[in-house]
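Below you'll find the structure, written out as structure tokens, and then a few comments.
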Amino acid sequence: MPLQRVTHVPSDLPLREGRDRYLELNGFSMAEYSSPVFAFYLFGRTLRLPNPPARRRVVALHDLHHVLTGYGTDLAGESEIGAWELRAGCNTPFLWMINLTAVVGGLFVAPLRTLRAFRAAKGQRTLYVDGRDAEAVLKLPIAELRRQLGIPSGGHTAAP
């Protein structure tokens, strides 16, 4: 399935519904969060990689960040979300490693977008460092959670 450059969902939806739309639009499922392997798309090819416990602990929140920011799931979008997460708050060595890797890749595939995403994250917070239970935030409207985390009301990308 081709990846979406940007995934936008209505801001008035509860985050749970926004996440479900995001997953559907991008061909993902929640089953992948606990699967022993995950699919990674690179230059039109599907790679299957081990899904270590460190990734399993953070991938659901990472997907929520895609919904909240509007950054896509292609290479450039993953670079943007990696830069945003680095500046807005990582709290484990795994997150630092995976996001630094995404940013380095982004400096080759979309350098300006990656740098813009890093700058845009100033003063914002990720759900990693926010500390709230994921189930609790899933009930909040997307617009309200964006406000609480310092993310612009429409996310960081303009709707297509």
Side-chain angles (χ1 to χ4, degrees), residues 1-106 109 114 117 121 124-146 148-151 155-157:
M1 170 177 223
L3 296 175
Q4 304 284 323
R5 187 180 82 73
V6 177
T7 301
H8 285 277
V9 295
S11 295
D12 59 340
L13 289 178
L15 185 57
R16 179 183 312 277
E17 285 183 49
R19 178 211 53 206
D20 293 347
R21 284 192 190 186
Y22 159 83
L23 292 172
E24 181 182 345
L25 285 169
N26 288 285
F28 303 145
S29 76
M30 289 177 51
E32 295 169 7
Y33 295 164
S34 59
S35 173
V37 296
F38 72 99
F40 182 76
Y41 304 96
L42 185 63
F43 302 118
R45 299 183 59 85
T46 302
L47 305 174
R48 300 224 180 273
L49 301 173
N51 191 13
R55 182 181 181 279
R56 291 180 198 185
R57 284 190 290 275
V58 299
V59 69
L61 294 178
H62 173 82
D63 282 350
L64 296 179
H65 291 154
H66 277 286
V67 173
L68 292 166
T69 63
Y71 293 131
T73 58
D74 61 350
L75 286 176
E78 290 298 343
S79 299
E80 288 171 315
I81 198 82
W84 182 85
E85 286 184 352
L86 278 178
R87 188 156 194 194
C90 293
N91 61 357
T92 69
F94 176 80
L95 285 169
W96 279 97
M97 180 204 59
I98 202 76
N99 285 317
L100 281 170
T101 301
V103 168
V104 169
V109 298
T114 302
Q124 298 173 23
R125 278 189 330 280
T126 64
L127 291 168
Y128 308 132
V129 299
D130 184 63
R132 283 184 274 182
D133 177 67
E135 279 301 311
V137 297
L138 286 171
K139 297 173 186 172
L140 294 174
I142 292 168
E144 174 59 21
L145 190 53
R146 282 177 176 158
Q148 291 176 15
L149 297 175
I151 299 168
H156 285 293
T157 57

> Nearest 0.5 Å, what's the CG-CG distance between Asn99 and Leu86?
Replying inline: 4.5 Å
>> Looking at Ser79 and Ala102, would you say the former's side chain and the latter's main chain have a donor-acceptor pair under 3.5 Å?
In response: yes
>> Can you list everything that forms a side-chain contact (heavy atoms from CB on, under 4.5 Å) with Ala60? Sequence neighbours excluded, please.
In response: Tyr33
>> For Ile151 and Leu145: C-alpha separation, side-chain torsions, deciding distance, then whether side-chain contact (heavy atoms from CB on, under 4.5 Å) applies.
In response: CA-CA 8 Å; Ile151 299 168; Leu145 190 53; over 6 Å; no
>> Using 0.5 Å steps for rounding, measure from the OG1 atom of Thr114 to the OH atom of Tyr71.
In response: 9.5 Å
> Would you find a donor on one side and an acceptor on the other, under 3.5 Å apart, between the side chain of Asp63 and the backbone of Arg19?
Replying inline: no
>> Can you give me the closest heavy-atom contact between Leu13 and Glu17, atom names plus distance?
In response: CD2-OE1, 3.4 Å
> Are Leu140 and Leu15 side-chain neighbours, meaning at least one heavy-atom pair lies under 4.5 Å?
Replying inline: no
> Can you name the closest pair of heavy atoms from Gly82 and Val103 and give their distance?
Replying inline: C-CG2, 3.8 Å
>> We want to know whether His66 and Glu78 form a side-chain donor-acceptor pair, criterion being a heavy-atom distance below 3.5 angstrom.
In response: yes
> So, for Glu32 and Gly27, which heavy atoms are closest and what is the spacing to 0.1 Å?
Replying inline: OE2-O, 4.1 Å
> Roughly how far, to the nearest 0.5 Å, is the CZ atom of Phe38 from the CZ atom of Arg56?
Replying inline: 11.0 Å
>> Evaluate Thr92 against Tyr128 for side-chain contact (heavy atoms from CB on, under 4.5 Å), listing each step before the verdict.
In response: CA-CA 9 Å; Thr92 69; Tyr128 308 132; over 6 Å; no
> Quick one: does Ser35's side chain have a donor or acceptor within less than 3.5 Å of a partner on Ala31's backbone?
Replying inline: no
> Please walk me through it: do Val37 and Asn51 pass side-chain contact (heavy atoms from CB on, under 4.5 Å)?
Replying inline: CA-CA 5 Å; Val37 296; Asn51 191 13; 5.5 Å; no
>> For Ala121 versus Ala88, what's the shortest heavy-atom pair and its separation?
In response: CB-N, 4.1 Å
>> Would you compute the distance between atom CD of Gln148 and atom CG of Leu127 and round it to the nearest 0.5 angstrom?
In response: 10.0 Å
> Roughly how far apart are Arg55 CZ and Leu95 CG, rounded to 0.5 Å?
Replying inline: 11.5 Å
>> I need the Thr73 OG1 to Ile81 CD1 distance, nearest 0.5 Å.
In response: 10.5 Å
>> Looking at Thr126 and Gly89, would you say the former's side chain and the latter's main chain have a donor-acceptor pair under 3.5 Å?
In response: yes
> Would you say the side chain of Arg21 lies within less than 4.5 Å of the side chain of Pro10, judging by non-hydrogen atoms?
Replying inline: yes
> Is there any salt bridge (Lys or Arg N to Asp or Glu O under 4.0 Å) pair reaching into residues 124-143, and which pairs are they, with sequence neighbours excluded?
Replying inline: Arg16-Glu135, Arg125-Asp130, Asp130-Arg132
